[in-house]
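The structure under discussion appears below in the form of C-alpha coordinates.
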2 protein chains.
Amino acid sequence: MKHAAKRASYQAIKADVLQRIRDNIWPPGTLLPGEIELAEEFQCARATVNRAMRELADEGVIDRKRKSGTRVKTAPTRQAKFTIPLIRLEIENAGKNYRYAMVHRQKQTAPRWLCGRLALHSAAQVLHLQCIHYADESPFQYEARWINLSAVPKAESESFEKIGPNEWLINHVPFTEAELTFSAKSATKDIAAMMSLSEGASLLTAERTTWLSDAPVTYAQLYFHQSYKMTTRI
Amino acid sequence: MKHAAKRASYQAIKADVLQRIRDNIWPPGTLLPGEIELAEEFQCARATVNRAMRELADEGVIDRKRKSGTRVKTAPTRQAKFTIPLIRLEIENAGKNYRYAMVHRQKQTAPRWLCGRLALHSAAQVLHLQCIHYADESPFQYEARWINLSAVPKAESESFEKIGPNEWLINHVPFTEAELTFSAKSATKDIAAMMSLSEGASLLTAERTTWLSDAPVTYAQLYFHQSYKMTTRI
DNA sequence: ATAGAAATTAAGTCCAGACAAAACATACGG
DNA sequence: CCGTATGTTTTGTCTGGACTTAATTTCTAT
(Lines give C-alpha, C1' and ligand atoms only; values in the text may rest on other atoms or scores of the structure.)
Protein backbone atom coordinates (compact mmCIF):
# COMPACT_ATOMS: atom_id res chain seq x y z
CA MET A 1 0.00 0.00 0.00
CA LYS A 2 3.05 2.19 0.37
CA HIS A 3 3.57 4.56 -2.52
CA ALA A 4 7.30 4.11 -2.84
CA ALA A 5 9.45 6.96 -4.03
CA LYS A 6 10.58 6.23 -7.54
CA ARG A 7 14.23 5.97 -8.53
CA ALA A 8 15.51 6.26 -5.05
CA SER A 9 19.23 6.56 -4.71
CA TYR A 10 21.06 4.44 -2.16
CA GLN A 11 21.24 7.48 0.07
CA ALA A 12 17.52 8.02 -0.10
CA ILE A 13 17.00 4.38 0.79
CA LYS A 14 19.36 4.72 3.73
CA ALA A 15 17.53 7.79 4.94
CA ASP A 16 14.15 6.16 4.48
CA VAL A 17 15.08 2.98 6.31
CA LEU A 18 16.70 4.99 9.08
CA GLN A 19 13.56 7.07 9.39
CA ARG A 20 11.40 3.99 9.75
CA ILE A 21 13.68 2.70 12.47
CA ARG A 22 13.57 6.05 14.23
CA ASP A 23 9.80 6.24 13.88
CA ASN A 24 9.54 2.83 15.47
CA ILE A 25 7.88 1.41 12.38
CA TRP A 26 10.67 -1.12 12.53
CA PRO A 27 11.47 -1.40 16.25
CA PRO A 28 14.72 -2.93 17.49
CA GLY A 29 14.92 -6.63 16.72
CA THR A 30 12.60 -6.45 13.72
CA LEU A 31 13.45 -8.62 10.75
CA LEU A 32 13.52 -6.28 7.79
CA PRO A 33 12.25 -7.25 4.34
CA GLY A 34 14.84 -8.92 2.12
CA GLU A 35 16.83 -7.02 -0.44
CA ILE A 36 14.68 -8.18 -3.34
CA GLU A 37 11.53 -7.04 -1.62
CA LEU A 38 13.00 -3.65 -0.76
CA ALA A 39 14.29 -3.28 -4.30
CA GLU A 40 10.75 -3.72 -5.56
CA GLU A 41 9.39 -1.23 -3.08
CA PHE A 42 12.01 1.37 -3.92
CA GLN A 43 11.87 0.57 -7.62
CA CYS A 44 15.57 0.01 -7.93
CA ALA A 45 18.11 -2.73 -8.44
CA ARG A 46 19.00 -5.07 -5.63
CA ALA A 47 22.59 -3.81 -5.74
CA THR A 48 21.37 -0.36 -4.80
CA VAL A 49 19.46 -1.65 -1.81
CA ASN A 50 22.48 -3.74 -0.93
CA ARG A 51 24.72 -0.71 -0.81
CA ALA A 52 22.30 1.22 1.36
CA MET A 53 21.90 -1.65 3.79
CA ARG A 54 25.58 -2.45 3.81
CA GLU A 55 26.40 1.09 4.84
CA LEU A 56 23.75 1.04 7.55
CA ALA A 57 25.33 -2.16 8.82
CA ASP A 58 28.77 -0.52 8.75
CA GLU A 59 27.36 2.34 10.78
CA GLY A 60 26.07 -0.08 13.36
CA VAL A 61 22.35 0.48 12.85
CA ILE A 62 21.43 -2.97 11.62
CA ASP A 63 22.82 -6.49 11.73
CA ARG A 64 23.01 -8.58 8.60
CA LYS A 65 23.55 -12.30 8.30
CA ARG A 66 23.39 -14.52 5.27
CA LYS A 67 20.29 -16.58 5.09
CA SER A 68 18.95 -15.10 8.32
CA GLY A 69 18.36 -11.66 6.89
CA THR A 70 18.65 -8.17 8.31
CA ARG A 71 17.57 -7.08 11.77
CA VAL A 72 17.44 -3.74 13.54
CA LYS A 73 20.09 -3.74 16.24
CA THR A 74 18.63 -3.93 19.73
CA ALA A 75 21.51 -2.07 21.35
CA PRO A 76 22.68 0.24 18.61
CA THR A 77 26.43 0.58 19.03
CA ARG A 78 26.84 4.18 18.07
CA GLN A 79 30.42 4.78 17.32
CA ALA A 80 32.24 8.04 17.62
CA LYS A 81 34.88 8.81 15.09
CA PHE A 82 37.76 10.96 16.14
CA THR A 83 40.21 12.17 13.60
CA ILE A 84 43.65 12.40 15.11
CA PRO A 85 45.32 15.29 13.38
CA LEU A 86 48.88 16.39 13.73
CA ILE A 87 49.20 18.56 16.79
CA ARG A 88 50.83 21.24 14.65
CA LEU A 89 47.88 21.35 12.29
CA GLU A 90 45.42 21.38 15.15
CA ILE A 91 47.11 24.41 16.66
CA GLU A 92 47.46 26.17 13.34
CA ASN A 93 43.85 25.49 12.42
CA ALA A 94 42.83 27.14 15.67
CA GLY A 95 44.51 30.25 14.33
CA LYS A 96 47.40 30.06 16.76
CA ASN A 97 51.11 30.08 16.31
CA TYR A 98 52.80 26.71 16.65
CA ARG A 99 56.16 26.30 18.30
CA TYR A 100 57.98 23.11 19.14
CA ALA A 101 60.72 22.51 21.65
CA MET A 102 62.66 19.39 22.47
CA VAL A 103 63.66 19.16 26.10
CA HIS A 104 65.35 15.78 26.20
CA ARG A 105 66.86 13.29 23.79
CA GLN A 106 68.68 10.15 24.81
CA LYS A 107 69.55 6.81 23.38
CA GLN A 108 69.10 4.19 26.05
CA THR A 109 68.36 0.61 26.83
CA ALA A 110 64.63 0.04 26.92
CA PRO A 111 63.29 0.15 30.48
CA ARG A 112 61.54 -2.97 31.73
CA TRP A 113 58.02 -1.64 31.50
CA LEU A 114 58.61 -0.62 27.90
CA CYS A 115 60.00 -4.05 26.98
CA GLY A 116 56.79 -5.53 28.25
CA ARG A 117 54.59 -3.10 26.45
CA LEU A 118 56.34 -3.34 23.10
CA ALA A 119 57.50 -6.95 23.41
CA LEU A 120 61.13 -5.97 23.11
CA HIS A 121 64.04 -8.09 24.26
CA SER A 122 65.69 -6.75 27.38
CA ALA A 123 68.75 -5.22 25.72
CA ALA A 124 66.83 -3.38 23.02
CA GLN A 125 67.98 0.14 22.29
CA VAL A 126 65.39 2.90 22.17
CA LEU A 127 65.49 6.62 21.60
CA HIS A 128 63.76 8.49 24.39
CA LEU A 129 62.44 11.97 23.63
CA GLN A 130 60.58 14.56 25.62
CA CYS A 131 59.19 17.64 23.99
CA ILE A 132 56.62 20.36 24.29
CA HIS A 133 54.27 21.75 21.70
CA TYR A 134 53.28 25.38 22.21
CA ALA A 135 50.24 27.27 20.98
CA ASP A 136 50.92 30.99 20.98
CA GLU A 137 53.79 30.46 23.42
CA SER A 138 51.71 28.66 25.99
CA PRO A 139 52.34 24.94 26.48
CA PHE A 140 49.69 22.89 24.75
CA GLN A 141 50.96 19.34 24.76
CA TYR A 142 53.78 17.51 26.44
CA GLU A 143 55.02 14.49 24.56
CA ALA A 144 57.08 11.66 26.02
CA ARG A 145 58.14 9.20 23.39
CA TRP A 146 60.18 6.07 22.97
CA ILE A 147 61.22 4.91 19.52
CA ASN A 148 62.36 1.35 18.89
CA LEU A 149 65.69 1.85 17.14
CA SER A 150 65.82 -1.65 15.73
CA ALA A 151 62.58 -0.95 13.86
CA VAL A 152 63.47 2.62 12.96
CA PRO A 153 67.28 2.86 12.82
CA LYS A 154 67.25 6.13 10.90
CA ALA A 155 65.63 7.86 13.85
CA GLU A 156 69.05 7.87 15.52
CA SER A 157 70.46 10.27 12.95
CA GLU A 158 67.59 12.69 13.34
CA SER A 159 68.13 15.43 15.89
CA PHE A 160 64.43 16.22 16.43
CA GLU A 161 65.44 19.82 17.09
CA LYS A 162 63.24 21.23 14.37
CA ILE A 163 60.55 18.62 13.85
CA GLY A 164 58.58 16.73 16.47
CA PRO A 165 58.93 12.95 16.67
CA ASN A 166 55.27 12.42 15.93
CA GLU A 167 55.39 14.43 12.75
CA TRP A 168 58.73 12.93 11.75
CA LEU A 169 57.46 9.39 12.28
CA ILE A 170 54.30 10.03 10.29
CA ASN A 171 56.36 11.32 7.41
CA HIS A 172 59.03 8.63 7.50
CA VAL A 173 57.51 5.49 8.95
CA PRO A 174 54.17 4.09 7.90
CA PHE A 175 52.34 1.93 10.37
CA THR A 176 49.91 -0.89 10.04
CA GLU A 177 48.41 -0.92 13.48
CA ALA A 178 48.10 1.36 16.45
CA GLU A 179 46.54 1.24 19.87
CA LEU A 180 45.22 4.44 21.32
CA THR A 181 44.19 4.91 24.93
CA PHE A 182 42.65 7.96 26.52
CA SER A 183 42.55 8.60 30.21
CA ALA A 184 42.80 11.40 32.74
CA LYS A 185 46.03 11.77 34.69
CA SER A 186 47.16 14.18 37.32
CA ALA A 187 50.12 16.33 36.40
CA THR A 188 53.30 15.24 38.15
CA LYS A 189 55.62 17.93 39.49
CA ASP A 190 57.83 17.66 36.42
CA ILE A 191 55.02 17.84 33.92
CA ALA A 192 53.31 20.64 35.79
CA ALA A 193 56.52 22.67 35.68
CA MET A 194 57.03 22.10 31.97
CA MET A 195 53.45 22.96 31.13
CA SER A 196 53.12 25.93 33.50
CA LEU A 197 50.41 24.22 35.51
CA SER A 198 49.95 23.52 39.15
CA GLU A 199 50.90 20.08 40.38
CA GLY A 200 47.98 17.68 40.33
CA ALA A 201 46.11 19.42 37.52
CA SER A 202 43.93 17.07 35.50
CA LEU A 203 45.27 16.35 32.07
CA LEU A 204 43.66 14.47 29.23
CA THR A 205 46.25 11.91 28.26
CA ALA A 206 46.63 9.81 25.17
CA GLU A 207 48.90 6.81 25.04
CA ARG A 208 49.77 5.47 21.67
CA THR A 209 51.54 2.30 20.64
CA THR A 210 52.34 1.73 16.99
CA TRP A 211 53.36 -1.33 15.02
CA LEU A 212 54.55 -1.89 11.49
CA SER A 213 53.45 -5.41 10.63
CA ASP A 214 54.14 -6.92 14.06
CA ALA A 215 57.33 -4.94 14.66
CA PRO A 216 56.81 -2.46 17.49
CA VAL A 217 57.73 1.02 16.31
CA THR A 218 57.01 3.49 19.06
CA TYR A 219 55.21 4.23 22.30
CA ALA A 220 54.16 7.73 23.25
CA GLN A 221 52.42 9.52 26.08
CA LEU A 222 50.72 12.73 25.09
CA TYR A 223 49.59 15.06 27.85
CA PHE A 224 47.17 17.73 26.71
CA HIS A 225 46.75 21.07 28.38
CA GLN A 226 43.91 21.30 30.91
CA SER A 227 41.80 23.34 28.55
CA TYR A 228 41.85 20.72 25.83
CA LYS A 229 38.63 19.04 24.83
CA MET A 230 38.21 16.37 22.24
CA THR A 231 34.93 16.80 20.44
CA THR A 232 33.03 14.87 17.84
CA ARG A 233 29.55 14.78 16.39
CA ILE A 234 27.86 11.51 15.63
CA MET B 1 55.33 -5.21 -16.81
CA LYS B 2 53.42 -6.05 -13.69
CA HIS B 3 51.91 -9.49 -13.65
CA ALA B 4 48.62 -8.56 -12.11
CA ALA B 5 46.79 -11.03 -9.94
CA LYS B 6 43.79 -12.35 -11.80
CA ARG B 7 40.24 -11.95 -10.61
CA ALA B 8 41.18 -9.81 -7.70
CA SER B 9 38.40 -9.08 -5.32
CA TYR B 10 37.86 -5.56 -4.09
CA GLN B 11 39.52 -6.54 -0.85
CA ALA B 12 42.59 -7.80 -2.64
CA ILE B 13 42.76 -4.54 -4.57
CA LYS B 14 42.46 -2.57 -1.35
CA ALA B 15 45.23 -4.58 0.23
CA ASP B 16 47.42 -4.27 -2.84
CA VAL B 17 46.99 -0.51 -3.16
CA LEU B 18 47.56 -0.07 0.56
CA GLN B 19 50.71 -2.14 0.31
CA ARG B 20 52.06 0.03 -2.49
CA ILE B 21 51.39 3.13 -0.45
CA ARG B 22 53.09 1.58 2.57
CA ASP B 23 56.04 0.44 0.45
CA ASN B 24 56.42 3.98 -0.82
CA ILE B 25 55.81 2.88 -4.38
CA TRP B 26 53.09 5.51 -4.29
CA PRO B 27 54.40 8.09 -1.84
CA PRO B 28 52.11 10.68 -0.27
CA GLY B 29 50.78 13.11 -2.84
CA THR B 30 51.09 10.72 -5.76
CA LEU B 31 48.35 10.81 -8.35
CA LEU B 32 47.19 7.23 -8.68
CA PRO B 33 46.18 5.65 -11.99
CA GLY B 34 42.54 6.13 -12.92
CA GLU B 35 39.91 3.51 -12.23
CA ILE B 36 39.87 2.24 -15.80
CA GLU B 37 43.61 1.76 -15.80
CA LEU B 38 43.55 -0.04 -12.46
CA ALA B 39 40.66 -2.20 -13.64
CA GLU B 40 42.80 -3.32 -16.55
CA GLU B 41 45.75 -4.02 -14.31
CA PHE B 42 43.70 -6.02 -11.86
CA GLN B 43 41.64 -7.64 -14.62
CA CYS B 44 38.34 -6.67 -13.12
CA ALA B 45 35.43 -4.34 -13.69
CA ARG B 46 35.73 -0.65 -12.92
CA ALA B 47 32.98 -1.02 -10.33
CA THR B 48 35.21 -3.36 -8.37
CA VAL B 49 38.12 -0.93 -8.40
CA ASN B 50 35.67 1.82 -7.50
CA ARG B 51 34.53 -0.01 -4.42
CA ALA B 52 38.07 -0.68 -3.27
CA MET B 53 39.11 2.92 -3.77
CA ARG B 54 35.94 4.29 -2.23
CA GLU B 55 36.56 2.32 0.92
CA LEU B 56 40.17 3.47 1.08
CA ALA B 57 38.92 7.03 0.75
CA ASP B 58 36.40 6.42 3.55
CA GLU B 59 39.22 5.13 5.70
CA GLY B 60 41.17 8.31 5.08
CA VAL B 61 44.06 6.81 3.12
CA ILE B 62 43.44 8.56 -0.18
CA ASP B 63 41.66 11.62 -1.46
CA ARG B 64 39.37 11.41 -4.46
CA LYS B 65 38.03 14.19 -6.59
CA ARG B 66 36.13 14.06 -9.82
CA LYS B 67 38.18 15.02 -12.80
CA SER B 68 41.28 15.54 -10.66
CA GLY B 69 41.67 11.88 -9.82
CA THR B 70 42.89 10.02 -6.75
CA ARG B 71 45.86 11.03 -4.61
CA VAL B 72 47.60 9.47 -1.64
CA LYS B 73 46.90 11.67 1.37
CA THR B 74 49.93 13.62 2.50
CA ALA B 75 48.85 13.78 6.14
CA PRO B 76 46.81 10.62 6.54
CA THR B 77 44.02 11.52 8.92
CA ARG B 78 43.77 8.27 10.73
CA GLN B 79 40.53 8.18 12.55
CA ALA B 80 39.90 6.34 15.73
CA LYS B 81 36.54 4.72 16.15
CA PHE B 82 35.20 4.41 19.64
CA THR B 83 32.12 2.41 20.24
CA ILE B 84 30.10 3.94 23.02
CA PRO B 85 28.44 1.03 24.77
CA LEU B 86 25.92 1.19 27.53
CA ILE B 87 27.74 1.59 30.81
CA ARG B 88 25.86 -1.41 32.16
CA LEU B 89 27.06 -3.61 29.32
CA GLU B 90 30.60 -2.33 29.65
CA ILE B 91 30.66 -3.26 33.31
CA GLU B 92 28.99 -6.63 32.75
CA ASN B 93 31.32 -7.44 29.88
CA ALA B 94 34.23 -6.82 32.21
CA GLY B 95 32.81 -9.64 34.32
CA LYS B 96 31.69 -7.36 37.11
CA ASN B 97 28.40 -6.86 38.81
CA TYR B 98 26.46 -3.79 37.78
CA ARG B 99 24.46 -1.74 40.23
CA TYR B 100 22.72 1.55 39.65
CA ALA B 101 21.67 4.16 42.16
CA MET B 102 19.84 7.42 41.69
CA VAL B 103 20.88 10.07 44.15
CA HIS B 104 18.82 13.02 42.96
CA ARG B 105 15.76 13.68 40.82
CA GLN B 106 14.13 17.05 40.39
CA LYS B 107 11.94 18.81 37.90
CA GLN B 108 13.17 22.35 37.55
CA THR B 109 13.40 25.37 35.32
CA ALA B 110 16.40 25.06 33.07
CA PRO B 111 19.40 26.97 34.44
CA ARG B 112 20.80 29.70 32.27
CA TRP B 113 23.89 27.83 31.11
CA LEU B 114 21.72 24.91 30.02
CA CYS B 115 19.37 27.19 28.07
CA GLY B 116 22.35 28.43 26.15
CA ARG B 117 23.75 25.01 25.51
CA LEU B 118 20.49 23.44 24.39
CA ALA B 119 18.94 26.57 22.90
CA LEU B 120 15.98 26.39 25.26
CA HIS B 121 13.73 29.31 26.12
CA SER B 122 14.32 30.64 29.60
CA ALA B 123 11.25 29.09 31.24
CA ALA B 124 11.81 25.60 29.84
CA GLN B 125 11.25 22.73 32.25
CA VAL B 126 13.90 20.07 32.56
CA LEU B 127 14.31 16.96 34.63
CA HIS B 128 17.61 16.97 36.47
CA LEU B 129 19.03 13.64 37.53
CA GLN B 130 22.17 12.56 39.32
CA CYS B 131 23.12 8.96 39.61
CA ILE B 132 25.97 6.58 40.13
CA HIS B 133 26.84 3.40 38.30
CA TYR B 134 28.69 0.82 40.34
CA ALA B 135 30.96 -2.00 39.24
CA ASP B 136 31.22 -4.64 41.94
CA GLU B 137 30.01 -2.11 44.52
CA SER B 138 32.69 0.44 43.75
CA PRO B 139 31.61 3.65 42.01
CA PHE B 140 32.46 3.53 38.34
CA GLN B 141 30.65 6.44 36.79
CA TYR B 142 28.83 9.47 38.09
CA GLU B 143 26.16 10.78 35.75
CA ALA B 144 24.63 14.26 35.90
CA ARG B 145 21.84 14.65 33.41
CA TRP B 146 19.27 17.16 32.27
CA ILE B 147 16.35 16.03 30.11
CA ASN B 148 14.33 18.53 28.12
CA LEU B 149 10.77 17.73 29.20
CA SER B 150 9.15 19.46 26.25
CA ALA B 151 11.00 17.11 23.92
CA VAL B 152 10.56 14.04 26.15
CA PRO B 153 7.39 14.59 28.21
CA LYS B 154 7.10 10.92 29.16
CA ALA B 155 10.37 11.16 31.09
CA GLU B 156 8.45 12.93 33.83
CA SER B 157 6.46 9.82 34.62
CA GLU B 158 9.54 7.64 34.87
CA SER B 159 11.03 7.33 38.31
CA PHE B 160 14.52 6.31 37.18
CA GLU B 161 14.80 4.25 40.35
CA LYS B 162 15.48 1.02 38.54
CA ILE B 163 16.86 2.06 35.18
CA GLY B 164 19.46 4.73 34.45
CA PRO B 165 18.46 7.74 32.38
CA ASN B 166 20.97 6.91 29.69
CA GLU B 167 19.64 3.42 29.22
CA TRP B 168 16.03 4.61 29.45
CA LEU B 169 16.60 7.30 26.85
CA ILE B 170 18.30 4.90 24.45
CA ASN B 171 15.37 2.55 24.71
CA HIS B 172 12.65 5.19 24.48
CA VAL B 173 13.98 8.13 22.53
CA PRO B 174 15.87 7.78 19.29
CA PHE B 175 18.23 10.59 18.35
CA THR B 176 19.45 11.97 15.12
CA GLU B 177 22.50 13.84 16.26
CA ALA B 178 24.81 13.97 19.23
CA GLU B 179 27.87 15.90 20.25
CA LEU B 180 30.39 14.15 22.40
CA THR B 181 33.24 15.89 24.20
CA PHE B 182 35.99 14.27 26.23
CA SER B 183 38.16 16.12 28.67
CA ALA B 184 39.88 15.68 32.01
CA LYS B 185 38.33 17.31 35.04
CA SER B 186 39.31 17.43 38.68
CA ALA B 187 36.83 15.88 41.07
CA THR B 188 34.90 18.45 43.05
CA LYS B 189 34.27 17.79 46.71
CA ASP B 190 30.76 16.52 45.95
CA ILE B 191 31.80 14.22 43.16
CA ALA B 192 34.80 12.95 45.13
CA ALA B 193 32.53 12.04 48.00
CA MET B 194 30.04 10.22 45.82
CA MET B 195 32.75 8.30 44.00
CA SER B 196 34.88 7.51 47.04
CA LEU B 197 37.80 9.50 45.69
CA SER B 198 39.96 12.24 47.08
CA GLU B 199 39.07 15.75 46.08
CA GLY B 200 40.95 16.90 43.00
CA ALA B 201 41.38 13.43 41.52
CA SER B 202 41.62 13.44 37.73
CA LEU B 203 38.54 12.08 36.05
CA LEU B 204 37.97 11.36 32.41
CA THR B 205 34.79 13.20 31.62
CA ALA B 206 32.39 12.88 28.72
CA GLU B 207 29.80 15.52 27.96
CA ARG B 208 27.04 14.58 25.66
CA THR B 209 24.36 16.65 24.00
CA THR B 210 21.66 14.95 21.98
CA TRP B 211 19.13 16.20 19.48
CA LEU B 212 16.17 14.62 17.74
CA SER B 213 15.86 16.47 14.45
CA ASP B 214 16.77 19.91 15.81
CA ALA B 215 14.89 19.48 19.08
CA PRO B 216 17.35 19.32 22.00
CA VAL B 217 16.73 16.16 23.98
CA THR B 218 19.28 15.90 26.74
CA TYR B 219 22.62 17.02 28.09
CA ALA B 220 24.73 14.80 30.28
CA GLN B 221 28.03 14.90 32.10
CA LEU B 222 29.60 11.52 32.68
CA TYR B 223 32.48 11.29 35.13
CA PHE B 224 34.45 8.08 34.89
CA HIS B 225 36.40 6.57 37.70
CA GLN B 226 40.10 7.38 37.79
CA SER B 227 41.03 3.94 36.64
CA TYR B 228 38.99 4.18 33.46
CA LYS B 229 40.75 4.09 30.14
CA MET B 230 39.16 4.34 26.75
CA THR B 231 41.01 2.20 24.27
CA THR B 232 40.80 1.57 20.58
CA ARG B 233 42.87 -0.02 17.86
CA ILE B 234 43.19 1.54 14.48
C1' DA C 1 15.85 -40.15 17.59
C1' DT C 2 20.11 -38.52 15.33
C1' DA C 3 23.96 -37.49 12.72
C1' DG C 4 25.10 -36.31 8.32
C1' DA C 5 23.77 -34.98 3.44
C1' DA C 6 21.22 -32.09 0.46
C1' DA C 7 18.39 -28.23 -0.59
C1' DT C 8 17.16 -23.55 0.27
C1' DT C 9 17.66 -18.91 1.31
C1' DA C 10 19.49 -14.31 1.79
C1' DA C 11 23.32 -11.65 1.81
C1' DG C 12 28.02 -10.87 -0.57
C1' DT C 13 30.46 -10.09 -4.64
C1' DC C 14 31.15 -9.15 -9.36
C1' DC C 15 30.41 -7.65 -14.20
C1' DA C 16 29.62 -4.92 -18.39
C1' DG C 17 27.64 -1.18 -19.63
C1' DA C 18 25.32 3.23 -18.99
C1' DC C 19 24.51 7.85 -17.53
C1' DA C 20 25.25 11.72 -14.00
C1' DA C 21 27.87 15.19 -11.82
C1' DA C 22 31.75 17.69 -10.52
C1' DA C 23 35.85 20.01 -11.70
C1' DC C 24 38.82 21.64 -14.67
C1' DA C 25 40.28 23.27 -19.53
C1' DT C 26 39.47 25.69 -23.61
C1' DA C 27 37.28 28.58 -26.87
C1' DC C 28 34.54 32.53 -27.86
C1' DG C 29 32.09 36.82 -27.77
C1' DG C 30 31.88 41.13 -25.88
C1' DC D 1 40.66 41.37 -20.41
C1' DC D 2 36.82 38.99 -18.57
C1' DG D 3 32.99 36.23 -18.06
C1' DT D 4 30.33 32.70 -20.23
C1' DA D 5 29.50 28.62 -22.98
C1' DT D 6 31.30 24.24 -24.37
C1' DG D 7 34.04 20.25 -24.00
C1' DT D 8 36.72 16.72 -21.46
C1' DT D 9 38.08 13.93 -17.83
C1' DT D 10 37.43 11.35 -13.79
C1' DT D 11 34.82 9.75 -10.16
C1' DG D 12 29.93 8.62 -8.55
C1' DT D 13 25.95 6.05 -9.09
C1' DC D 14 22.80 2.75 -11.03
C1' DT D 15 21.08 -1.41 -13.55
C1' DG D 16 19.89 -6.17 -14.33
C1' DG D 17 21.91 -10.01 -14.39
C1' DA D 18 24.98 -13.81 -12.59
C1' DC D 19 27.53 -16.47 -9.46
C1' DT D 20 29.38 -17.29 -4.51
C1' DT D 21 29.08 -18.19 0.28
C1' DA D 22 27.32 -18.78 4.81
C1' DA D 23 23.69 -20.25 7.53
C1' DT D 24 19.57 -22.62 8.17
C1' DT D 25 16.10 -26.05 7.19
C1' DT D 26 14.77 -30.31 5.43
C1' DC D 27 15.56 -34.75 4.14
C1' DT D 28 17.66 -39.29 4.66
C1' DA D 29 19.93 -43.18 6.20
C1' DT D 30 21.43 -45.23 10.22
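Order of the sequence lines fixes the chain letters, A, B, ..., with proteins taken first and strands second; residue numbering starts at 1 for each chain. Quick caveat: nothing in here was measured; it's all calculated off a predicted structure.
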**Q.** Main-chain N/O of A/Ala184 paired to A/Thr205 side chain as donor or acceptor, under 3.5 Å
**A.** no
Q. Any side-chain N or O of B/Gln11 under 4.0 Å from OP1/OP2 of C/dT13?
A. yes
**Q.** Upstream residue (5' side of DNA chain D) when B/Ala47 and B/Leu32 are each assigned their closest nucleotide
**A.** B/Leu32
Q: Could you tell me whether B/Arg88 and B/Glu92 make a salt bridge, using a distance below 4.0 angstrom between a side-chain N and a carboxylate O?
A: yes
Q: Quickly work out the B/Lys14 NZ to C/dC14 P distance and round it to whole Å.
A: 12 Å
Q: Round to the nearest Å and state the distance from A/Ile62 atom CD1 to C/dA11 atom C1'.
A: 11 Å
Q) Taking atom C1' of C/dA16 as reference, at what distance in whole Å does atom CD of B/Glu40 sit? A) 14 Å
Q. In whole angstroms, how far is the P atom of D/dT9 from the CG atom of B/Leu31?
A. 15 Å
**Q.** Integer-rounded Å distance: C/dG17 P and B/Glu35 CD
**A.** 16 Å
(Q) Check A/Glu143 with A/Arg208, please: is the shortest side-chain N to carboxylate O separation under 4.0 Å? (A) no
(Q) Does B/Asp214, at its CG atom, have more than 12 non-hydrogen atoms belonging to other residues, nucleotides or ligands within less than 6.0 Å? (A) no
Q: Could you tell me whether B/Asp58 and B/Arg54 make a salt bridge, using a distance below 4.0 angstrom between a side-chain N and a carboxylate O?
A: no
Q. For A/Arg54 and A/Gly69, take the nucleotide of DNA chain C holding the closest heavy atom to each; which residue's nucleotide lies nearer the 5' end?
A. A/Gly69
**Q.** Atom of B/Pro139, atom of B/His225 and distance for their closest heavy-atom approach
**A.** O-CD2, 3.4 Å
Q) Within the structure, does a side-chain N or O atom of A/Tyr10 lie under 4.0 Å from either OP1 or OP2 of D/dC14? A) no
Q. OP1 or OP2 of C/dG12 less than 4.0 angstrom from a side-chain nitrogen or oxygen of A/Arg64, does that happen here?
A. yes
Q: Would you mind telling me which of D/dG12, C/dC14, C/dT13 lies closest to the side-chain atoms of B/Asn50?
A: D/dG12
Pick out the pairs of N or O atoms, protein on one side and nucleotides 20-25 of chain C on the other, that lie under 3.5 Å.
from: C/dA21; atom 1: N3; to: B/Arg66; atom 2: NE; distance (Å): 3.4
from: C/dA22; atom 1: O4'; to: B/Arg66; atom 2: NH1; distance (Å): 3.4

Q: Consider the side chain of A/Thr70, meaning its heavy atoms from C-beta on, and name the nucleotide among C/dC14, D/dG12, C/dA11 that approaches it most closely.
A: C/dA11
**Q.** Distance (rounded to the nearest 0.5 Å) between A/Leu56 CG and A/Asp63 CG
**A.** 12.0 Å
Q: Starting from P on C/dA10, measure out to CG on A/Asp63 and report it in whole angstrom.
A: 17 Å
Q) Rounded to the nearest Å, what distance is computed from the CZ atom of residue A/Phe42 to the P atom of nucleotide D/dT13? A) 17 Å
Q. Does D/dC14 have OP1 or OP2 sitting under 4.0 Å from an N or O in the side chain of A/Ser9?
A. yes
Q) Rounded to whole angstrom units, what separation is found between the CD atom of A/Glu37 and the C1' atom of C/dA10? A) 12 Å
